[in-house]
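What follows is a set of notes on a single structure, which appears directly below.
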Amino acid sequence: ETGVTQTPRHLVMGMTNKKSLKCEQHLGHNAMYWYKQSAKKPLELMFVYNFKEQTENNSVPSRFSPECPNSSHLFLHLHTLQPEDSALYLCASSLTQGKDEQYFGPGTRLTVT
Amino acid sequence: EDQVTQSPEALRLQEGESSSLNCSYTVSGLRGLFWYRQDPGKGPEFLFTLYSAGEEKEKERLKATLTKKESFLHITAPKPEDSATYLCAVQASGGSEKLVFGKGTKLTVNP
């Protein structure tokens, strides 16, 4: 595997389900990011981790819970989501936070029913 | 508040018809301006970073330029495979260092 990978690529879940999104980067980077991309809206930054430490939470509801066990892996745990949370969730990484270009994964298309 | 506005929202070109996409920005201090390309169903693909006014970067048929208020992405003699949504993002200096994205320009190049 190369670059940034995300699984699953598509996810349909009910509002009472619990699911997790996974991201893995194979670039040797130290910073990882979660973004939300909704139709007709700009990418919205959700969370940032730098060297496994969370450095930014962009006022994200608590039904989204990130986890970064090491610099290569990032998870987004989902529970009790709302239909308006349906979107493309993108993971990105960069060498360090704030100084380098970010490289994105292919995203997880989430549909909340 | 940092803001990025991209225009036009959508652009249709004939193959070989050159044009430019605009990215206007408002930021307290610019650390960097980034251009990405996004194909349907995929994540954004990094194209360029520009750091200071007057800087230019090129890649194949694409050329990005930067002034103090805006950036242009010039597409010379485009081909159908250049069809994509082009995203612009700015990063402010001295702040949270997060990228602020525009809504993008959807480019369609017809054969």
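So that the names make sense, note that chain A is the first sequence line, chain B the second, and so on, each numbered from 1.
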Between A:Q82 (side chain) and A:E84 (backbone), is there a donor-acceptor pair under 3.5 Å?
-> no
Heavy-atom pair count under 4.5 Å with chain B, highest-scoring of A:K40, A:Q102, A:R9 | A:Q102
Would you check if the side chain of A:E56 reaches a backbone N or O of A:M46 as a donor-acceptor pair within less than 3.5 Å?
-> no
State the CG-CZ distance between A:D100 and B:F46, to the nearest 0.5 angstrom.
-> 9.5 Å
The interface call for A:L45 against chain B, heavy-atom contacts under 4.5 Å, is side chain
Applying a criterion of heavy atom separation less than 4.5 Å, what residues of residues 12-26 of chain B form contacts with chain A?
-> none
Applying a criterion of heavy atom separation less than 4.5 Å, what residues of residues 66-91 of chain B form contacts with chain A?
-> B:L87, B:Q91
Charged N to carboxylate O below 4.0 Å: is that the case for B:E56 and B:K63?
-> yes
Pairing of A:D85 and A:R63 as salt bridge, 4.0 angstrom limit | yes
Which atoms of B:F48 come close to chain A, meaning under 4.5 Å heavy atom to heavy atom: side chain ones, backbone ones, both, or neither?
-> neither
Do the non-hydrogen side-chain atoms of A:F64 and A:F47 ever get within less than 4.5 Å of each other?
-> yes
Under 4.5 Å between any side-chain heavy atoms of A:Q6 and A:C91, yes or no?
-> yes
Will you find, in the side chains of A:H77 and A:S65, an N or O donor that is under 3.5 Å from an N or O acceptor?
-> no
Carefully, step by step, assess B:Q38 and A:Q37 under the rule side chain to side chain donor-acceptor pair (under 3.5 Å).
-> CA-CA 12 Å; B:Q38 186 173 22; A:Q37 188 174 36; 2.9 Å; yes
Should the pair B:F101 and A:Y35 be assigned to parallel (<30°), tilted (30 to 60°) or perpendicular (>60°) ring geometry?
-> perpendicular
Check the surroundings of atom NZ in A:K41: do more than 12 heavy atoms from other residues, nucleotides or ligands lie under 6.0 Å from it?
-> no
